[in-house]
Amino acid sequence: MHGPELGRIEATIRAKIRPCQKEDLPALEWMGLYRPDRHIIRETFEMQQRGEALMLLAVSADFPIAQVWIDFARKRAEQVAVLWAIRTFFPLQGAGIGRQMMHAAERVARHRGFHSAQLKVDADNDRASSFYRNRGWRPIGWDEHGRRVMTKELNGL
Ligand SMILES: CC(C)(COP(=O)(O)OP(=O)(O)OC[C@H]1O[C@@H](n2cnc3c(N)ncnc32)[C@H](O)[C@@H]1OP(=O)(O)O)[C@@H](O)C(=O)NCCC(=O)NCCS
């Protein structure tokens, strides 16, 4: 049962957007939520060390409050950067952080010479789908797991 509301808080968050560092890896598990993905986090960090990926983080008070990972290798031949692990820490969603992270990730991919980017979103994730659509991403089909594939041209960035 909820008690009476005793006040409201409005606050500003300051975070630095930067690549993941080794010290960030434990915190990327978000207090256990992504612990089952520990090996994926480690493997992607190794890809980053080889220059094949970038784990872009928004870090506030040493905590990664949002992230977007970019796979430069998977579709390099087609000059397509693949974005994934796009997420903002739950209590901070809807505050404009994801928008700024996507902008940063798209610019990084463009500067690395990629002409377009792709991502996948679950068919029932309407909120994320409209989030991407509102930022110029358009659906181009479905993958083998029923996830919507979306693309965005990066040339104008
Ligand atoms: C989708 C997601 C990355 C967007 O990040 P965010 O920091 O909440 O995004 P912003 O605050 O910059 O943008 C808010 C926009 O997204 C919409 N939105 C998406 N998720 C929202 C949420 N949980 N709460 C409020 N608004 C949300 C808002 O309506 C707003 O839309 P508009 O500006 O296009 O009109 C984030 O909500 C998230 O982590 N969701 C859970 C994980 C997920 O589904 N990731 C996508 C996997 S493909």
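Everything quoted here is computed from the prediction, not taken from an experiment. We count ligands from 1, going down the list as the structure has it; atoms in each ligand are counted the same way.
- Using cut-offs of 30° and 60° on the angle between ring planes, the pair W69 and W84 is perpendicular.
- Contacts with ligand 1 closer than 4.0 Å are made by side-chain heavy atoms of N125 only, the backbone lying farther away.
- Protein heavy atoms all stay at least 4.0 Å away from atom 2 (C) of ligand 1.
- If you look at A95 next to ligand 1, the close heavy atoms, those under 4.0 Å, all belong to the backbone.
- Looking at A128 next to ligand 1, no N or O pair under 3.5 Å apart turns up.
- Closest heavy-atom contact between D143 and H145: OD1-N, 2.8 Å.
- Ranking protein heavy atoms by distance to atom 9 (O) of ligand 1, first place goes to F131 CE1, 3.5 Å.
- If you look at Y132 next to ligand 1, the close heavy atoms, those under 4.0 Å, all belong to the side chain.
- Ranked by closest heavy atom to atom 18 (N) of ligand 1, the top entry among R87, R127, R133, H103 is R127.
- Of all protein heavy atoms, the one closest to atom 41 (C) of ligand 1 is Q93 NE2, 3.6 Å.
- Separation of atoms CZ (F45) and CG (L25) is listed at 5.5 Å; rounding is to 0.5 Å.
- Atom CD1 of I70 is separated from atom OG1 of T44 by 12.5 Å, given to the nearest 0.5 angstrom.
- Connection of V68 to F90 is established within a shared hydrophobic cluster, with ILVMFWY side chains joined at heavy-atom distances below 4.5 Å, either directly or through further cluster members.
- In terms of polar-atom proximity, G96 is counted as a contact of ligand 1, with an N or O under 3.5 Å from an N or O of the ligand.
- Closest of all the heavy-atom pairs between Q67 and M101 is CA-CE, 3.8 Å.
- For ligand 1, the polar-atom distance check against G94 finds a nitrogen or oxygen pair separated by under 3.5 Å.
- What sits closest to atom 12 (O) of ligand 1 on the protein, heavy atoms only, is R99 N, 2.7 Å.
- For H111 (side chain) and R107 (main-chain N/O), a donor-acceptor pair under 3.5 Å exists by modelled atom type.
- Protein heavy atom nearest atom 5 (O) of ligand 1, with residue, atom name and distance: T88 OG1, 3.3 Å.
- Here the closest non-hydrogen pair linking M55 and I41 is CE-O, 3.7 Å.
- Protein heavy atoms are found less than 4.0 angstrom from atom 44 (O) of ligand 1.
- For K120, the heavy-atom gap to ligand 1 drops under 4.0 angstrom.
- Residue contacts with ligand 1 for N134 involve side-chain atoms from C-beta outward but no N, CA, C or O (heavy atoms, distance under 4.0 Å).
- The two atoms that bring W30 and P64 nearest to each other are NE1-O, 2.8 Å, heavy atoms only.
- Within 6.0 Å of CZ in R135 there are more than 12 heavy atoms belonging to other residues, nucleotides or ligands.
- Remark: atom 28 (C) of ligand 1 lies closer than 4.0 Å to no protein heavy atom.
- When every heavy atom of A117 is checked against every heavy atom of T151, the shortest pair comes out as O-OG1, 3.0 Å.
- Put simply, part of R135 is less than 4.0 Å from ligand 1, judged by heavy atoms.
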